Structure formats: C-alpha cells, structure tokens
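Step one of this worksheet: look at the structure below.
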Amino acid sequence: MATRKNAKPKPVSCPDCDGRGETSETVRVGVRKGRATDNRQAALCLTCLGTGEAPAGGE
C-alpha cells in the first residue's frame with residue numbers, strides 16, 4: 001500500500017485586499033488643497049505586495 005501525501009494547506013488571504021492583490025485609492029486633485037474626487041484608481045496592496053496571501057509573520 002502506498003503512503004499518503006499530505007496536502008499543502010491553503011494560503012490565508014490578505015486581510016487588507018481580501019486576496020485580490022490590489023486596493024483602490026481615491027484620486028486627489030490640486031496642488032495646495034488636494035481635493036478628493038469621486039474617481040478611484042487601482043493600487044498594489046502594500047501588505048501582501050500583490051500576491052493576495054497573508055504575510056508569513058501573521059501581521
């Protein structure tokens with residue numbers, strides 16, 4: 001009888017981006033006041049660096 005191989009555990013998704021790897025940021029306009037607009041732009045998640053997996057340290 002062959003021995004069973006243990007399946008690798010499923011990686012935990014990043015809590016900041018919900019496993020997508022990117023977040024959305026508000027677009028700001030103007031040099032002095034930096035008014036926020038209704039528009040959004042995609043940004044790389046800085047917690048997981050775009051992988052979608054939670055960091056190994058658990059923080």
Side-chain angles (χ1 to χ4, degrees):
M1 187 182 268
T3 59
R4 281 190 176 182
K5 294 182 180 179
N6 293 335
K8 292 183 180 179
K10 197 172 190 180
V12 179
S13 63
C14 177
D16 292 343
C17 65
D18 297 325
R20 293 177 301 186
E22 63 181 33
T23 59
S24 58
E25 296 286 330
T26 303
V27 176
R28 297 194 170 270
V29 179
V31 177
R32 196 167 52 99
K33 292 185 180 179
R35 296 179 311 276
T37 63
D38 294 334
N39 300 326
R40 310 281 287 170
Q41 67 181 8
L44 183 70
C45 178
L46 295 178
T47 305
C48 66
L49 299 175
T51 62
E53 299 175 4
E59 293 181 27

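Only a predicted model underlies this, so the values are computations on that prediction, with no experimental measurement involved.
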For this session: Identify the heavy atoms of Leu46 and Leu49 that sit nearest to each other, and give their distance.
Result: O-CD2, 3.8 Å
Exercise. If you measure from CD on Gln41 to OG1 on Thr23, what distance do you get to the nearest 0.5 Å?
Worked result: 9.5 Å
For this session: Mind listing the closest non-hydrogen atom pair of Glu53 and Cys48 along with its distance?
Result: O-CB, 3.1 Å
Exercise. Cut-off 3.5 Å, side chains only: do Thr26 and Arg40 have a donor facing an acceptor?
Worked result: yes
Problem set entry | Non-hydrogen atoms of Arg28 and Gly34 that approach each other most closely | NH1-O, 3.0 Å
Exercise. For Asp18, what residues pass the side-chain contact (heavy atoms from CB on, under 4.5 Å) criterion, not counting sequence neighbours?
Worked result: none
